[in-house]
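Computed over heavy atoms, backbone and side chain alike; hydrogens, waters and symmetry mates excluded. Residue indices begin at 1 and follow the sequence shown.
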Amino acid sequence: MFDATLRSSALHGLEHSLFFATAVLFFKQVIPSPPLRLSLAAAQRVLYAIGAMIVSWVLAVVLALAPHALYPHYAHEAARPGGISALADQQLAAGIMWVPGSITFLIVVFVYVHRWLTPSEPGSNRAPRLASEH
């Protein structure tokens with residue numbers, strides 16, 4: 001299927017549109033974005049983000065430790081920026097996915113752990129916690 005997206009600009013555009021749409025649907029559960037309502041409590045959002053981060057890490061490890069390039073199309077390209085091999089390019093992508101890619105998840109985790117553990121103060125404009133958020 002991936003090779004088909006490389007041969008068709010329409011499929012390639014659809015692929016990237018689906019990447020974007022699924023990212024919006026994912027982060028809709030994590031980041032408040034009125035008028036949409038969050039359906040997860042703070043503790044659930046923490047677990048949701050940690051679960052997604054672990055999935056991302058597993059994929060990064062698979063890419064980093066693969067003994068050969070996993071995408072034949074890129075393995076057979078004659079020229080690559082910087083002259084690196086397809087395997088080195090794949091390993092570099094895995095590192096970017098693993099370290100900088102985790103930053104967004106970690107920010108979400110820290111924010112919602114803080115919100116989960118910080119008691120709401122009387123008179124604050126912050127909504128009181130529901131029993132489901134404990």
Query raised in the report: With no hydrogens and no angle check, is any side-chain donor or acceptor of Ser8 less than 3.5 Å from a backbone partner on Ala4?
Result: no
Query raised in the report: Between the side chain of Tyr71 and the main-chain N/O of Ala86, is any donor-acceptor distance below 3.5 Å?
Result: no
Report summary line: Contacts satisfying side-chain hydrogen bond (donor to acceptor under 3.5 Å, both in side chains) that involve residues 91-107 (not counting sequence neighbours) are Trp57-Ser102
Can you give me the closest heavy-atom contact between [X] and [Y], atom names plus distance?
X	Y	value
Tyr112	Val30	OH-O, 2.5 Å
Thr5	Glu15	OG1-OE1, 3.5 Å
Gln90	Leu70	OE1-N, 2.7 Å
Ala52	Phe105	CB-CE2, 3.6 Å
Pro100	Gly95	CD-O, 3.5 Å

Are [Y] and [X] connected into the same hydrophobic cluster when the rule is that any two of I, L, V, M, F, W, Y join if their side-chain heavy atoms are below 4.5 Å apart?
X	Y	answer
Leu106	Ile31	yes
Ile54	Val109	yes
Val111	Ile103	yes
Leu87	Phe2	no
Met53	Phe110	yes

Query raised in the report: Hey, what do you get for CG (Leu63) to CE (Met97), rounding to the nearest 0.5 Å?
Result: 6.0 Å
Query raised in the report: Roughly how far, to the nearest 0.5 Å, is the CZ atom of Phe27 from the OG1 atom of Thr22?
Result: 10.5 Å
Query - ILVMFWY cluster membership beyond Val24 - transitive side-chain contacts under 4.5 angstrom - result: Phe20
Query raised in the report: Apart from Leu14 itself, what residues make up its hydrophobic cluster, given side-chain heavy atom links below 4.5 Å?
Result: Leu11, Leu18
